[in-house]
Amino acid sequence: MHSECRGSPPLIIAHGGASGLFPDQTAGAYIYAASTSLQNTALSCDVQLTKDGYGICRTGINLGDSTTINATYPQLATELIVNGELIQGFFSVNLTASFVLNNISAVQSNAARTIAFDGMFPVTQPTDMIKFSLNTSLFWINVEYPSFFYQHGLNMTSYIHELISNMPIDFVSSPEVGFLKTLKSSVPKTTNLVLKVGETDKVDPSTNITYGSLLSNLSDIATYASGILVHKEYIWPVDNATLYLEAESTIIREAHKVQLAVYGYGFVNDPMIPIYNYSFDPIREYLQFVPASGSHIDGFLSDFPTTASEAIACFRGATPAVRLAGTKPFIISHNGDSGNYPGCTKLAYDGAVRGGASYIDCPVQMTSDGIAICRESPDLLIGTDVSTHSDFLKRLSLIRQFQAEKGIFSINMTWAEIQTLKATMFSPEEDFNVIRNPAYNNQEGVLQLTDFLNYAKNTSVGILIDIQNGYFLETEVDKNVVGAVLASLNASGLASSDRVMIQSEDSAILSLFRQVTNYTLIYRVVDTDVLVTKTEVSDVKALANFVTLPRALVQVASNGFLVNKTDIVDLFHAQNVSVFVSFLRNEFVALPYDYDSDPTLELDTLLKVYNVDGVITDFPATASYYLSNTCSNMKTQAIGGQQYGIQTVVPGALVTQLALNIQPPPPSQARLNVSNGERNLSLTLNAPSTSPGPNTAPTASPPSPQSEASRSLKLNITLISIIIASIIFHHFK
């Protein structure tokens with residue numbers, strides 16, 4: 001029985017190397033895995049035999065799925081029966097080793113992953129793993145189809161014996177009991193035999209017994225194997241209707257009773273069907289299988305061994321600390337914990353606070369009757385059930401200052417009407433069929449800003465009020481958004497609180513707040529394709545001491561890969577402007593390939609390489625866990641006598657080192673225009689406007705000269721007096 005069963009950390013098995021990034025079982029995949037994973041990570045090879053009896057490493061019996069043979073030698077396709085099933089494709093048993101090794105190359109076999117490395121690496125043989133292992137790895141050989149090769153006159157048992165004489169083999173796995181039994185008495189005791197278990201109703205071709213039946217007699221398996229390799233759902237089943245975990249099975253405890261190690265397969269960072277317990281964070285999934293106490297899995301077969309290594313070395317046992325407002329780096333929620341709950345709801349804010357956010361946010365939108373609400377977009381089609389209300393569909397209109405598409409906008413609906421709506425989950429990566437958890441749809445309504453502030457003031461976290469489209473609302477829609485925000489802050493007892501930050505993309509809005517309040521101000525850059533120099537930084541500095549930059553402006557990607565390191569954060573830091581980056585998302589499709597589909601690596605790079613001062617994220621718990629990991633602050637963690645630290649991603653390194661034909665996008669010629677032609681806004685004594693009714697949607701036409709004279713901020717004199725008095729009272733008490 002392998003040592004993991006006796007309480008050691010789980011073994012990491014690199015499935016074909018780092019096959020989540022590179023074509024599996026290639027030099028690139030093996031070297032990357034060996035250099036970025038825990039020291040005793042096992043490199044794996046799915047061995048197949050050529051017709052002249054040599055071994056090659058390829059996943060899947062059909063070489064057309066993982067090599068260039070389909071494109072270069074289509075005439076070699078044939079049909080063969082594999083374990084009773086007729087398969088059309090390209091088979092190693094019809095090809096010589098010389099042909100395979102010299103004429104075809106490996107390609108990515110997973111359609112969701114990058115094809116940038118296709119054709120770059122030749123097919124490997126098992127002994128090649130030695131030179132790619134950097135002298136630090138164990139070796140795992142998986143034999144998926146021994147009976148198939150026997151049927152074509154190729155003896156896999158004899159091949160394994162020969163291979164063991166040429167290289168150390170620490171593990172041999174196979175789904176065929178008969179094959180493992182032939183090896184039991186003839187391989188060294190240092191070679192662990194492992195039964196790979198298929199689906200419960202599938203049949204082992206060597207015994208004609210289902211795997212479900214085989215698992216019912218673990219004691220028998222222990223007579224010819226030291227462990228079992230099972231799909232992860234054998235351990236933690238999943239409810240396919242809700243995509244939530246069900247109760248843990250007893251398979252680990254039962255296997256350990258008979259001295260069988262339990263290894264799991266199916267661990268990937270880029271699943272097309274998520275399990276919602278994990279919040280799209282692969283670190284969480286690994287930790288689910290290694291509880292702080294009791295039985296745990298003995299090894300992970302992972303396409304992303306770097307992430308598995310992080311989880312075991314840096315996050316096992318880590319506890320997120322409570323982060324106080326003002327503590328750098330800031331963790332700022334984006335619409336609350338909107339990766340797990342409908343945005344801007346109490347559920348989302350509870351999740352953000354519970355997850356360790358240091359600030360929670362309210363993106364302010366306005367109703368037609370002048371009420372400030374918290375909504376992720378001015379378009380209520382995003383994040384509410386407004387489309388299910390037939391009466392409201394008549395409000396569909398186009399407001400180009402908001403967006404290029406038609407929508408149903410909050411400024412065309414009264415608060416009474418909006419109160420009838422329910423919040424729903426918004427999935428920003430829905431175009432890639434990556435859907436966030438719908439379980440909490442239609443459970444909560446829309447919050448007013450005042451509701452949000454009353455909630456937030458009773459927590460220990462800071463408050464970010466994000467005034468979106470404020471200048472447009474003030475000058476063209478006649479909505480007193482600044483007055484509404486100040487009134488809500490005053491009504492909530494937060495008129496002079498140092499817990500409050502105000503963010504806006506409009507310089508005129510921030511200038512006005514700077515005149516009448518002492519709140520911390522944040523200038524938000526919206527455009528992702530603008531040029532920023534010292535001059536533009538100075539313009540921002542004149543408005544605010546903080547800036548929020550879109551992540552695409554901080555880390556530039558081309559064709560899914562990071563290219564070079566930008567200096568934009570350094571420019572702002574040189575003038576003492578702190579930098580937040582937005583918006584961070586855990587879904588793998590939102591991440592450049594350099595990050596291995598691992599949101600933790602993006603956090604690590606933004607905070608260590610770019611030195612940003614805070615992140616605005618849909619998943620604040622992921623950021624909080626990162627800051628609490630035991631390998632943080634460039635330290636390493638000792639585990640099993642090994643040192644390991646989170647692998648820092650160097651922007652542009654993959655493109656440069658592998659000479660990928662990827663060019664950075666052309667530099668922007670448009671400079672960041674901080675003032676954007678906005679005139680100064682002034683306070684007047686006018687009372688806030690009353691509701692214009694539901695059908696007065698603004699148009700994209702220019703404002704009339706007659707209305708221009710009245711387009712200044714309207715703040716009731718009583719409100720001004722109350723705010724000033726409150727500030728004086730709190731300052732001197």
Side-chain angles (χ1 to χ4, degrees), residues 1-5 11 13 42 44-49 53-55 57 59 61 81-85 92-93 126 138-231 234 251-252 254-265 298-299 301:
M1 181 178 178
H2 199 255
S3 61
E4 279 72 31
C5 288
L11 175 69
I13 309 143
S44 77
C45 163
D46 290 289
V47 70
Q48 300 190 42
L49 297 179
Y54 290 93
C57 298
T59 296
I61 197 68
I81 295 175
V82 181
N83 293 347
E85 179 183 358
S92 63
V93 294
L138 305 173
F139 301 103
W140 184 301
I141 300 296
N142 181 60
V143 184
E144 195 74 14
Y145 304 99
S147 293
F148 170 78
F149 291 106
Y150 284 130
Q151 291 164 8
H152 290 271
L154 297 166
N155 190 318
M156 186 62 79
T157 301
S158 297
Y159 173 77
I160 294 297
H161 289 154
E162 180 183 353
L163 185 62
I164 289 175
S165 69
N166 292 321
M167 68 176 291
I169 303 296
D170 301 280
F171 301 88
V172 175
S173 61
S174 177
E176 297 192 16
V177 171
F179 173 67
L180 293 175
K181 287 183 175 180
T182 66
L183 291 177
K184 174 63 178 175
S185 61
S186 58
V187 298
K189 291 185 177 180
T190 54
T191 300
N192 295 271
L193 301 181
V194 179
L195 175 65
K196 183 179 180 183
V197 178
E199 297 175 21
T200 55
D201 59 346
K202 296 294 184 182
V203 173
D204 163 27
S206 69
T207 63
N208 289 322
I209 300 174
T210 65
Y211 290 107
S213 297
L214 289 171
L215 283 181
S216 67
N217 192 349
L218 292 172
S219 296
D220 182 63
I221 295 176
T223 64
Y224 56 83
S226 63
I228 55 175
L229 175 62
V230 299
H231 191 275
Y234 269 105
I251 190 169
I252 292 178
E254 296 301 320
H256 285 180
K257 287 178 182 178
V258 296
Q259 299 299 298
L260 281 174
V262 180
Y263 307 97
Y265 67 89
D298 299 297
L301 181 66

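A quick note: this is a predicted structure, and the numbers were derived from the prediction, not measured. Numbering starts at 1 and runs along the sequence shown.
- Atom SG of Cys45 sits about 8.5 Å away from atom CG of Asn142, to the nearest 0.5 Å.
- The closest donor-acceptor contact from the side chain of Tyr224 to the backbone of Leu193 lies at 3.5 Å or more, if one exists at all.
- The side chain to side chain contact (heavy atoms under 4.5 Å, CB included) check on Thr200 picks up Tyr234, with sequence neighbours excluded.
- Side-chain contact between Leu11 and Leu138 is present, with at least one heavy-atom pair separated by less than 4.5 Å.
- For residues 206-215, no pair satisfies salt bridge (charged side-chain N to carboxylate O under 4.0 Å, His left out), with sequence neighbours left out.
- The OG atom of Ser44 sits 10.0 Å away from the CG atom of Leu229 when rounded to the nearest 0.5 Å.
- Here Ile141 contributes atom CD1 and Met156 contributes atom CE; the two are 10.0 Å apart, rounded to the nearest 0.5 Å.
- Take His161 and apply the side chain to side chain donor-acceptor pair (under 3.5 Å) test, not counting sequence neighbours, and it matches Ser186.
- Between the OH atom of Tyr211 and the NE2 atom of His231 there is a distance of 14.5 Å, given to the nearest 0.5 Å.
- Checked against ring-ring contact (aromatic ring centres under 6.0 Å, His included), Tyr159 has no partners two or more places apart in sequence or in another chain.
- Using cut-offs of 30° and 60° on the angle between ring planes, the pair Phe171 and Trp140 is parallel.
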Could you go through residues 177-185 and list every donor-acceptor pair under 3.5 Å that involves a side-chain atom there, pairing it with any protein atom two or more places apart or in another chain?
unit_1: Thr182; atom_1: OG1; unit_2: Thr157; atom_2: OG1; d: 3.1
unit_1: Thr182; atom_1: OG1; unit_2: Phe179; atom_2: O; d: 2.6

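- The structure places CD1 of Ile252 at 9.0 Å from CD1 of Ile228, a figure rounded to the nearest 0.5 Å.
- Sequence neighbours left out, not one pair with a member in residues 215-226 passes salt bridge (charged side-chain N to carboxylate O under 4.0 Å, His left out).
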Take Leu215 and Ile251 through the side chain to side chain contact (heavy atoms under 4.5 Å, CB included) test and state the conclusion after the steps.
CA-CA 9 Å; Leu215 283 181; Ile251 190 169; 4.2 Å; yes
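- Listed by chain and residue number, Glu254 satisfy the side chain to side chain donor-acceptor pair (under 3.5 Å) test with Lys257 (two or more places apart in sequence, or in another chain).
- Here the side chain of Asp298 pairs no donor or acceptor atom with the backbone of Tyr263 at under 3.5 angstrom.
- Residues passing the side chain to side chain donor-acceptor pair (under 3.5 Å) test with Thr191, sequence neighbours excluded: none.
- Annotation for Tyr54: atom OH does not count as buried by contact number, only 12 or fewer foreign heavy atoms lying within 6.0 Å.
- Partners of Ser219 under the side chain to side chain contact (heavy atoms under 4.5 Å, CB included) rule, at least two apart in sequence or in another chain, are Asn217, Val258.
- Not a single donor-acceptor pair under 3.5 Å links the side chain of Thr210 to the backbone N or O of Asp201.
- Contacts of Thr59 classified as side chain to side chain donor-acceptor pair (under 3.5 Å), with partners at least two apart in sequence or in another chain: Asp24, Gln25, Asp46.
- Taking the side chain to side chain contact (heavy atoms under 4.5 Å, CB included) definition, one finds that Ile61 meets it with Gln48, Val82, Ile87, Phe91, Tyr145, Phe148, Phe149, sequence neighbours left out.
- A search for salt bridge (Lys or Arg N to Asp or Glu O under 4.0 Å) contacts involving Glu199 returns nothing, not counting sequence neighbours.
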